[in-house]
Amino acid sequence: WKLLFLKAHIFWKSFNNYEIASGLLFRASQISDSPKYFASLALTMANKSGDKIFKEEFIKLVAKTIKDDQQKDIILKKDR
């Protein structure tokens with residue numbers, strides 16, 4: 001997850017590409033020992049992309065794959 005996080009950080013800071021950064025963070029969030037906040041951070045990046053369709057589809061994807069109910073609630077509330 002550390003490499004994916006680093007790549008996400010590079011795409012965010014160096015290229016200002018929130019879509020790729022959010023996808024990389026989401027992939028990192030799927031790894032068992034990654035920090036729990038990665039999925040929420042990925043959603044924040046998706047929101048900053050400015051692409052409403054991307055954001056909506058990304059929220060659906062994250063909500064389907066998150067197993068932790070508390071994290072899922074945080075993500076769904078963040079969407080509002």
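Atom set for the values below is all heavy atoms of this structure, side chains included, hydrogens, waters and symmetry mates excluded.
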Student check: side-chain heavy atoms of [X] and [Y] closer than 4.5 Å:
| X | Y | result |
| --- | --- | --- |
| Leu61 | Ile59 | no |
| Pro35 | Trp1 | yes |
| Leu43 | Leu25 | no |

For [X] against [Y], the heavy-atom pair lying closest together:
| X | Y | answer |
| --- | --- | --- |
| Gln71 | Lys36 | NE2-O, 2.7 Å |
| Phe26 | Ala42 | N-CB, 3.7 Å |
| Val62 | Ala39 | CG1-CB, 4.3 Å |

Looking at Thr44 and Ser40, would you say the former's side chain and the latter's main chain have a donor-acceptor pair under 3.5 Å?
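A pair under 3.5 Å: yes.
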
Parallel, tilted or perpendicular: which one describes the rings of Phe38 and Phe5, with boundaries at 30° and 60°?
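Correct class here is parallel.
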
Pairs where residues 10-25 contributes a residue and the test side chain to side chain donor-acceptor pair (under 3.5 Å) is met, not counting sequence neighbours
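Residue pairs passing side chain to side chain donor-acceptor pair (under 3.5 Å), neighbours aside: Asn16-Tyr18.
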
Has Lys72 got more than 12 heavy atoms of other residues, nucleotides or ligands less than 6.0 Å from its NZ?
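Atom NZ in Lys72 is packed in, count exceeds 12.
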
Using 0.5 Å steps for rounding, measure from the [atom1] atom of [X] to the [atom2] atom of [Y].
| X | Y | atom1 | atom2 | value |
| --- | --- | --- | --- | --- |
| His9 | Leu4 | NE2 | CG | 14.5 Å |
| Lys60 | Lys55 | NZ | NZ | 12.5 Å |
| Ile20 | Lys7 | CD1 | NZ | 9.5 Å |

ILVMFWY network linking Phe15 to Leu41, side-chain heavy atoms under 4.5 angstrom
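Per the 4.5 Å side-chain linkage, Phe15 and Leu41 are co-clustered.
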
